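As the structure is a computational prediction, the values presented were derived from the model and not from experiment. Every number for a ligand or one of its atoms is a count from 1 in the order of the listing. Count residues from 1 along the sequence.
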Amino acid sequence: MCGIVGIVGSTPVNQSIYDALTVLQHRGQDAAGIVTISEGNFKQRKANGLVKDVFESKHMQRLKGNIGIGHVRYPTAGSSSAAEAQPFYVNFPYGMALAHNGNLTNAPDLAKVAIKSRRHINTTSDSETLLNVLAHELARVDKDQLDAADIFAAITKVHEQALGAYAVATILNGHGLIAFRDPNGIRPLVLGKRVAEDGQTEYMVASESVAIDAIGFEFIRDVVPGEAVYITEKGELHTQQCAANPDYCPCIFEYVYFARPDSTIDNISVYGARLEMGKTLGDKIKREWDDLDIDVVIPIPETSCDVALQIALQLELPYRQGFVKNRYIGRTFIMPGQTQRRKSVRRKLNAIDAEFAGKNVLLVDDSIVRGTTSEQIVEMARDAGAKKVYFASAAPEIRFPNVYGIDMPTANELIAHGRDVDQICQNIGADGLIFQDLKDLVKAVSVQNPEITKFETSVFNGEYVTKDIDQDYLDYLNNLRSDDAKELREQKEEIANLEMHNEGA
Ligand SMILES: O=P(O)(O)OC[C@H]1O[C@H](OP(=O)(O)OP(=O)(O)O)[C@H](O)[C@@H]1O
Ligand SMILES: NC(=O)CC[C@H](N)C(=O)O
Ligand SMILES: [Mg+2]
């Protein structure tokens, strides 16, 4: 999952974009970038690394201008090279830059069409392709100055061509900031505003509401599926529905794992959703495990803490933070390779023996994906002296690849693929394992906003909302993006490529 942000201000936006990116860091740890426009010139800084490492004060000083966009990246297409860090830039028409969260499922076809239209695509990133599709549609309008209707017409054309998930922020020289969300609203996008000292209203878009809160903007609302927002350089706001058949279907995994608990997405508090997940899973544990003698409930930090606390309340058992998290290690699941992910679990989490010695413990995690965390954590609980180790997952079994912006491209890498609960339990070495039921997860998330009746749940049930996904596509993705394929390709690219990116800048 990546994080995006865009601001049209009445004073320089570099620091606000930087600050917003730091609170979206949990959505992508691989690369970060900011592009601003100052007097018709684009200013850019992007590189691999965390926000705090990518931007030095010399970069910040150069990122002048009252309009800009930013991105934190967790790659799901192309490579993780710095050349594919975002935002991407094209000079025609007008000069524009784009930041994308999501994943296009027809990127290779779109790239072919764009190249036929004499656009140049320099990387394997789906986001660069998306930028070129939009640029092509804007270039078709034969005018020096586009108005809101021209821009919305171009986005309508993009919706007609692009498949998959996309929440986008883009800046267009001489015009302003454009943001839009795919017709299913798979990835989140919110809009905020702030009245500046000079009285001008400044606008902001971001992946999560927490970014809006953190830099002192006021949340206005979610951008709805298929909708586009255009904020002119002067700060005028235009919005329009640009999709023929928008159909709300946000990704449920945002609530399970990706988003910060203090964000609200599609009028659903992520924290509230996690508490509800704890209630429904707690009830299932009561129903199915009433004979078990559990002494204590222990979360696997950090994302599962809210769920675990609620389960403990539900079961009337003590809740103890038996694992201490090293605050300097990031999220392991979004790290690029399995070796790094495996190593990081033990560096990140350490057990407090007193909470385990001689006890029957119930460990709670938000999800079990590859099983990297759960396998090691069960062992750590036993090493710390636990008598019995039970495990509960707030998400159901993840058995199918994700194609919409979560890097789970290969069913074989998923621990629940082809295994029933007992087999998974055996694999992670637990004495008992319980998963949330999908209907309960949907209930837990939707209870705060009954207007949303559908969620993107393909990783649990294999039903892909865009309908273009078939076995051929999943095989293609498997060959392209399995951990092994990625490692091989990146080794080759390191040797062969001198890319269009100046890392030291
Ligand atoms: O089965 P796996 O492949 O290990 O993936 C699932 C685990 O990864 C995530 O944690 P992560 O360390 O990424 O972040 P967190 O600190 O936010 O929990 C998630 O919360 C699970 O703990
Ligand atoms: N996780 C994401 O949103 C990734 C965006 C885009 N597909 C990339 O790989 O850069
Ligand atoms: Mg975790």
What atoms of ligand 2 come within less than 4.0 Å of a heavy atom belonging to [X]?
X	result
His100	5 (C)
Pro75	9 (O)
Asn101	2 (C), 3 (O)
Asp126	6 (C), 7 (N), 8 (C)
Gly405	1 (N)
Asn103	7 (N)

Answer yes if the side chains of [X] and [Y] hold a donor-acceptor pair under 3.5 Å, and no otherwise.
X	Y	result
Thr457	Glu463	no
His26	Tyr257	no
Thr303	Arg274	no

Inset, instruction - For Asn350 and Val324, indicate whether the former's side chain and the latter's backbone hold a donor-acceptor pair under 3.5 Å. - result: no
Legend entry - Set of ring-ring contact (aromatic ring centres under 6.0 Å, His included) partners for Phe391, sequence neighbours left out: none
Inset, instruction - Let me know which protein residues bring a heavy atom to under 4.0 Å of ligand 1; chain then number is fine for ordering. - result: Tyr257, Pro301, Glu302, Thr303, Arg331, Thr332, Phe333, Lys348, Asp365, Asp366, Ser367, Ile368, Val369, Arg370, Gly371, Thr372, Thr373
Inset, instruction - Tell me whether the guanidinium CZ or amine NZ of Lys46 lies under 6.0 angstrom from the six-membered ring centre of Phe88 and within 45° of its axis. - result: yes
Inset, instruction - Could you label the plane-to-plane angle of the Trp289 and Tyr390 rings as parallel, tilted or perpendicular, counting under 30° as parallel and over 60° as perpendicular? - result: tilted
Inset, instruction - Using the six-membered ring wherever Trp is involved, compare the ring planes of Phe258 and Phe253 and label them parallel, tilted or perpendicular (cut-offs 30° and 60°). - result: perpendicular
What's the shortest distance from [atom] to any protein heavy atom, and which residue and atom give it?
atom	result
atom 5 (C) of ligand 2	Gly102 O, 3.2 Å
atom 10 (O) of ligand 2	Arg73 NE, 2.6 Å
atom 1 (N) of ligand 2	Tyr74 O, 2.8 Å

Legend entry - Short N-O contact, Arg419 and Glu397, less than 4.0 angstrom: no
Legend entry - Short N-O contact, Glu276 and Lys279, less than 4.0 angstrom: yes
Inset, instruction - Check each heavy atom of Cys2 against ligand 2 and say whether those closer than 4.0 Å belong to the side chain, the backbone, both or neither. - result: both
Legend entry - Per-residue contact class, Arg187 against ligand 2 - non-hydrogen pairs under 4.0 Å: neither
Inset, instruction - State if Ala77 counts as touching ligand 2 under the rule of any non-hydrogen atom under 4.0 Å. - result: yes
Legend entry - Whether Glu84 lies under 4.0 Å from ligand 2, heavy atom: no
Legend entry - Residues which pass side-chain hydrogen bond (donor to acceptor under 3.5 Å, both in side chains) with Arg347, listed by chain and number, not counting sequence neighbours: none
Identify each donor-acceptor pair in which a side-chain atom of residues 408-416 lies under 3.5 Å from a protein atom, sequence neighbours left out, and give them as a table.
{"unit_1": "Thr410", "atom_1": "OG1", "unit_2": "Asn478", "atom_2": "OD1", "d": "3.3"}
{"unit_1": "Glu413", "atom_1": "OE2", "unit_2": "Asp483", "atom_2": "N", "d": "2.7"}

